[in-house]
2 protein chains.
Amino acid sequence: MAESAKAQETSVRILDAAEILFVEHGFDGTSMRLITQSAAVNIAAVNYYFGSKDGLYRAVFERRTEPFAKLTIANIDALEREKTAPGAEDIVDAFIKSALQLGSDPALGGLTFVKLLARAYVEPHPILKESMPRRYGEVVRRYAAALQKALPHLSETEVHWRFHFLTSAMFSAFAGNNVLRLFMEQPKTNARDPMQVSRMLMPFLVAGLTAPAAN
Amino acid sequence: MAESAKAQETSVRILDAAEILFVEHGFDGTSMRLITQSAAVNIAAVNYYFGSKDGLYRAVFERRTEPFAKLTIANIDALEREKTAPGAEDIVDAFIKSALQLGSDPALGGLTFVKLLARAYVEPHPILKESMPRRYGEVVRRYAAALQKALPHLSETEVHWRFHFLTSAMFSAFAGNNVLRLFMEQPKTNARDPMQVSRMLMPFLVAGLTAPAAN
DNA sequence: TTCACATTCAAACGTATGTTTGAAACTATA
DNA sequence: TATAGTTTCAAACATACGTTTGAATGTGAA
């Protein structure tokens, strides 16, 4: 057992560097040498602390996963404590607020982790297929259940679909993976301020959720 | 000049195999050997026909880009020919119809190309940064302009944001990159039928677009 | 059939990858 | 200061990567 300050510093530097590089270049596009150079540590340090590149990937997520889950659950808890029958707007607000808190707090991972999550949707790694649902399953269930109560005119299936749309739009917007940037030279939506993003998001998502059922 | 049937067959087999593999494993995660084995061609064939792996990536997109752009433009043209003042619902319908046509027509790339586009949002390759906006800029401008007319109560910026949300949700849904799948063991939204997806999408997107302005 | 060209192929190219090694340097306890 | 355990380091490991080569094969026109 060491846990010396210096040892922690090394493994944390690796995690910080890897988190950023995985966002920028993806898992396969990020080499061990790039990570260790960026973190200013010897290349063997990754295997020493995390066993393998896969192990590092897992560790990068595990560091952020629990705090973010706790945050979102705390927000829905607080909402349901304050209001007996929260509406769709309240629930969206609690959900967006969670992402906003995460994005603005570097201690939780900040925007980097939001982007990493957004990338993980599309670029799945076997390592995440089991660990993420285990921890975030509860989060989804809680918000989906609250939405179902607030939107009794919708079937369970339709509520899940709308929650899916909501999550896609929200993470994509916060992560700055501007879909339009791929299609336009100078998109008008390049504001990076998360508060501005959430201000634009709210009316869109609330209206979308509360819309009449399909058909 | 050869353009023999066999030569075409080889380069097309490579394109078909690469398109699928790039969706599954991304650009960096897909090796030349995997592509050529999957296409049942010699490994040197990729460099012979496309110059390099980058050249192949470009070719995979170039084959699909133009037909899809033509399709979406044709749909907005038809709409504006039929209706003098199309509403948000009409415009969303035309946009979704384009993705639906693309997704259901293997000759246009089918769902595979939809997924490839969805992946390209998050995993940008320098090669796409210039070619995509050049061809899709017009598409975005046309739909954004039509939406602006239909939603005069919204600022230009807000229209662009909402179009961005719309596009994120739509592509994510069609591509089947189920965000909730990363978070739940058995999401209730695993229907893969694009028609069913668009039925769920429509009311959500139309309501979101027509919502009152922020603040 | 001949010939010029297009296409295929097995093999090798140099480089980059993730990982391992074993010794050196450091740290904390006695 | 001596010693045991932790951490760092340069170097090398085997393997995989994208690419190139040069000969073999196939193809269509003269």
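Chain naming here is simple, since letters A, B, ... match the order of the sequence lines and numbering starts at 1 in each. Below, all heavy atoms of this structure are taken into account, side chains as well, without hydrogens, waters or symmetry copies.
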Nearest whole Å is fine: how far is [N] [atom2] from [X] [atom1]?
X        : N       : atom1 : atom2 : result
Met32(A) : dA14(D) : CE    : P     : 18 Å
Arg13(B) : dT7(C)  : CZ    : C1'   : 13 Å
Ile43(B) : dC13(C) : CD1   : C1'   : 12 Å
Gln37(B) : dC9(C)  : CD    : P     : 13 Å
Ile35(A) : dA16(C) : CD1   : C1'   : 14 Å
Lys53(B) : dA16(C) : NZ    : P     : 15 Å

It should be established whether [X] places a side-chain nitrogen or oxygen under 4.0 Å from OP1 or OP2 of nucleotide [N].
X        : N       : answer
Ser31(B) : dA16(D) : no
Asn47(A) : dG18(C) : no
Thr10(A) : dT8(D)  : yes
Tyr49(B) : dT8(C)  : yes
Asn42(A) : dT7(D)  : no

query: When all nucleic acid strands are considered with a 4.0 Å heavy-atom cut-off, which category describes Thr36(B): base, sugar-phosphate, or nothing?
result: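 It contacts nothing in the nucleic acid.
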
Would you mind telling me which of [options] lies closest to the side-chain atoms of [X]?
X        : options                   : answer
Arg33(B) : dA10(D), dT19(C), dT19(D) : dT19(D)
Tyr48(A) : dT20(D), dG18(D), dT6(D)  : dT6(D)
Ala44(A) : dG18(C), dT20(C), dG18(D) : dT20(C)
Ser52(B) : dT19(D), dA10(C), dT19(C) : dT19(D)

message: Do Phe113(A) and Leu108(A) make a side-chain contact, defined as non-hydrogen atoms from C-beta onward lying under 4.5 Å apart?
response: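 With C-beta onward as the side chain, the pair stays apart.
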
query: Under a 4.5 Å cut-off applied to non-hydrogen side-chain atoms, are Leu147(A) and Phe163(A) in contact?
result: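 Counting from C-beta outward, Leu147(A) and Phe163(A) do come under 4.5 Å.
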
Review item, side-chain donor-acceptor pairs of residues 61-71 of chain A, under 3.5 Å, at least two apart:
from     : atom 1 : to        : atom 2 : distance (Å)
Arg63(A) : NH1    : Asp16(A)  : OD1    : 2.9
Arg63(A) : NH2    : Asp16(A)  : OD1    : 3.0
Arg63(A) : NH2    : Glu19(A)  : OE1    : 3.4
Arg64(A) : NE     : Glu19(A)  : OE2    : 2.7
Arg64(A) : NH1    : Ala107(A) : O      : 3.3
Arg64(A) : NH2    : Glu19(A)  : OE1    : 3.0
Thr65(A) : OG1    : Phe61(A)  : O      : 3.3
Glu66(A) : OE1    : Arg135(A) : NH1    : 3.2
Glu66(A) : OE2    : Arg135(A) : NH1    : 2.6

Upstream residue (5' side of DNA chain D) when Ala40(A) and Asp54(B) are each assigned their closest nucleotide: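 The residue closer to the strand's 5' end, by nearest nucleotide, is Ala40(A).
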
Distance flag, aromatic centroids of Phe50(B) and Tyr57(B), threshold under 6.0 Å: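 Centroid separation for Tyr57(B) and Phe50(B): 6.0 Å or greater.
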
Candidate pair Asp28(B) and His25(A), rule side-chain hydrogen bond (donor to acceptor under 3.5 Å, both in side chains), full reasoning: CA-CA 9 Å; Asp28(B) 288 315; His25(A) 309 108; over 6 Å; no

